[in-house]
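Note that ligands are numbered from 1 as they come in the structure, with each ligand's atoms numbered from 1 the same way.
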Amino acid sequence: MQDEIEVDAVRCFDAIVVGAGLAGVCAVYRLRQAGVSVRVLEAGGGVGGTWYHNRYPGARCDIESLDYSYSFSDELQQEWKWSERYAGQPEILRYINHVADRFDLRRDIQLNTRVVRARFDEAQERWMLFTDTGEVFSAKYAIMATGVLSVAQVPSMKGLEDYRGEWFHTGDWPEQGVDLAGKRVGVIGTGSSATQLIPIVAEQAEHLYVFQRTANYTMPAQNHPMKPEVEQEWKKHYPDRRKFAWASGFGHNQVTNHMSGKEMSAEARLAELENRWRLGGLYMMRAFKDILTDPEVNEIAAEFVREKIRATVQDRQTAEALCPRDLYIGTKRLCSGTNYYETFNRRNVTLVDVKNRAIERITADGILLEDGSEYEVDALIFATGFDAMTGAMNRINPIGRKGRALREAWAAGPQTYLGLCVAGFPNMFVITGPGSPSVFSNMVTSIEQHIEWTVACIEHMRAHGLSSIEPTVQAQEDWTRHVTEAAGKTLYAQSRNSWFHGANIPGKPVVFMPYVGGVGNYYQTITRVAQSGYEGFRFSSAPAVRNASYAGET
Ligand code: NA7
């Protein structure tokens with residue numbers, strides 16, 4: 001069945017998917033399987049989304065490769081060979097391209113096409129999508145696979161236009177790369193992107209200045225080439241591994257210690273923390289079941305990391321400046337890097353604290369701080385993050401029922417039902433949207449769960465002759481309250497200065513956006529909702545069905 005409408009120059013599909021990152025590529029595979037006609041519209045010049053744009057040196061996933069991959073095809077997961085424990089950006093991009101080719105997905109993907117506007121046509125019950133190429137698309141379903149960290153945020157800084165050097169944002173890195181050899185380089189930011197990039201740039205640059213406003217906690221990734229025995233074990237048990245991930249707290253196979261930090265002796269706690277340090281990366285956040293709920297337990301882990309920093313960084317003052325303070329570990333996304341703290345022992349690296357002496361302006365030659373000190377740099381790298389979770393959606397600003405814009409609906413913070421759908425915006429599915437586990441999980445797991453749910457919903461609608469679906473306002477309010485309450489039980493509620501809250505974007509409502517109730521629990525919830533006949537949603541019947549029933553009634 002194909003939903004066609006007769007409008008000149010409008011291209012009609014059952015579904016339009018916006019974005020060809022990991023979510024968009026998964027969507028086209030699944031939708032095609034379900035016999036849904038689909039076109040994916042992608043702004044970039046290639047597939048890959050995050051992994052297409054974040055090409056900065058050192059860019060790497062902080063979830064293990066064997067977990068951070070699609071489960072939808074057993075042949076694919078058996079065939080593909082990851083070269084490292086944590087895959088770097090080039091390898092992940094190759095993987096996504098491989099998937100696009102292997103399943104012949106490219107014929108439904110249109111690149112270099114940015115969706116700039118979208119409007120729900122109430123009479124037709126279809127979405128109209130408008131692109132920067134001047135094309136207009138009409139679709140029954142709008143699947144927004146627009147990414148959660150896809151709108152790079154360059155902070156507005158006085159004088160940037162006067163700067164004579166080159167500047168870049170990590171999230172929009174030039175495809176041809178950047179030659180930083182022998183240059184004086186400034187990096188603004190010390191989040192995940194910066195901590196991956198800094199050790200690599202330090203090896204290339206003549207001198208590197210790191211402008212740090214908030215010290216964050218960086219774990220050693222403990223990356224290494226893939227061990228054949230690990231790969232074999234995973235491949236032997238892949239279905240079980242995936243099942244475990246889908247039912248787990250964070251959508252992956254990392255082992256959690258289910259004991260409270262307080263139940264353990266000081267020796268046992270220390271051994272656990274050492275174990276987590278050796279395991280590397282995000283494993284630290286699973287050290288104790290209450291690491292993100294009990295401030296004292298959190299502080300034990302935080303102080304353990306500070307001690308590691310002090311033991312690594314030779315200059316005392318630099319070490320202390322790198323030690324995070326007044327920040328619960330994990331409440332700003334934990335960083336995972338290689339040789340991050342060691343890099344500050346290099347003679348060509350200087351840490352510049354811009355918390356107490358803020359950046360005053362960019363000058364023609366570099367960066368001027370409030371206290372009058374100036375740092376001359378030939379290249380400036382903004383590792384300053386993203387307008388996370390809502391940025392890409394708000395840019396398109398879909399217009400729903402009664403002409404209401406999404407930005408207006410989300411003016412006080414994003415509201416969704418299940419992190420998937422928005423009241424007043426029928427037939428629009430937000431993949432890994434606010435109110436779902438999203439950035440709090442292995443994104444590939446969350447993407448697959450959302451795509452599976454969305455495609456099953458479309459199949460349900462087709463089978464029952466339904467034309468539109470949208471959540472009730474009540475269900476949306478209840479869910480949004482539940483999302484806030486779940487966060488309220490954790491230390492996130494007390495650490496509001498992060499992109500999880502939107503606090504990095506001036507004027508953005510400070511609201512905790514992801515759902516921290518756990519991937520497994522969440523998946524059970526959305527499955528139960530679907531099985532119950534989509535409790536909390538309202539459907540309308542297809543016109544033909546409506547007409548038939550009206551005819552029957554008269
Ligand atoms: P993040 O985690 O948002 O980090 C941005 C960094 O940039 C952070 O250290 C900020 O300091 C800093 N920043 C932002 N604006 C400024 C200004 N105006 N002056 C000085 N410093 C500034 O972005 P990433 O790209 O590293 O990581 C995003 C996610 O991608 C990551 O969490 C993973 O999930 C993958 P602040 O902390 O605001 O003081």
Side-chain angles (χ1 to χ4, degrees), residues 21-22 49-51 53-56 58-63 68 86 89 92 147-160 167-173 186-198 209-219 221 250-251 281-282 285 321-322 324-328 330-337 340 351-362 367-370 375 380-389 391 432 437-443 446 492 495-506 508 510 513-514:
L22 280 161
T50 288
W51 301 107
H53 293 285
N54 284 261
R55 295 165 185 263
Y56 60 86
R60 187 174 294 284
C61 189
D62 57 10
I63 306 282
Y68 192 84
Y86 294 98
Q89 173 272 334
I92 301 175
V148 286
L149 293 162
S150 51
V151 177
Q153 165 71 359
V154 178
S156 83
M157 284 188 178
K158 275 184 286 181
L160 185 55
W167 66 268
F168 312 93
H169 190 287
T170 50
D172 197 9
W173 200 259
V187 173
I188 301 178
T190 50
S192 298
S193 303
T195 53
Q196 293 184 335
L197 164 122
I198 283 165
Y209 297 95
V210 176
F211 296 89
Q212 171 185 272
R213 186 165 65 185
T214 307
N216 198 353
Y217 302 85
T218 300
M219 298 304 109
F250 296 90
L282 302 179
M285 297 322 297
L322 286 165
R325 319 223 173 252
D326 303 323
L327 177 67
Y328 291 120
T331 56
K332 269 185 198 269
R333 170 85 172 202
L334 195 70
C335 304
S336 176
Y340 177 62
L351 181 69
V352 183
D353 177 1
V354 294
K355 191 173 194 83
N356 302 315
R357 309 175 295 151
I359 295 173
E360 169 68 28
R361 58 175 292 131
I362 310 291
I367 293 186
L368 179 70
L369 305 189
E370 274 177 348
Y375 295 83
L380 194 48
I381 298 172
F382 288 91
T384 45
F386 300 87
D387 185 351
M389 302 210 74
T432 65
S438 187
V439 291
F440 254 73
S441 67
N442 172 0
M443 288 298 289
S446 287
Y492 292 107
S495 297
R496 295 164 68 81
N497 182 25
S498 78
W499 62 257
F500 295 142
H501 282 89
N504 61 330
I505 305 295
K508 191 164 170 172
V510 178
M513 295 181 282

- At a 4.0 angstrom heavy-atom cut-off, what protein residues surround ligand 1? Leu149, Pro155, Met157, Ile188, Gly189, Thr190, Gly191, Ser192, Ser193, Arg213, Thr214, Lys332, Arg333, Ala383, Thr384, Gly385, Phe386, Trp499

- Message: Whether the side chain of Arg60 engages the backbone of Gln196 through a donor-acceptor N/O pair (distance < 3.5 Å, no angle test) should be reported.
- Response: no

- Say you draw a straight line from CD1 of Ile198 to CG of Leu351; how long is it, rounded to the nearest 0.5 Å? 8.5 Å

- Query: Do the rings of Phe440 and Phe500 sit parallel, tilted or perpendicular, given the 30° and 60° boundaries?
  - Reply: tilted

- Message: Holding to side chain to side chain donor-acceptor pair (under 3.5 Å), I want the full list of residues that pass it with Trp499, two or more places apart in sequence or in another chain.
- Response: none

- Go through the structure and list residues passing ring pair (Phe, Tyr, Trp, His ring centres under 6.0 Å) with Phe168, not counting sequence neighbours. Trp173

Throw together a table of side-chain donor-acceptor distances under 3.5 angstrom for residues 147-156, partners on residues two or more places apart or in other chains.
| unit_1 | atom_1 | unit_2 | atom_2 | d |
| --- | --- | --- | --- | --- |
| Ser150 | OG | Thr146 | O | 2.7 |
| Ser150 | OG | Gly147 | O | 3.4 |

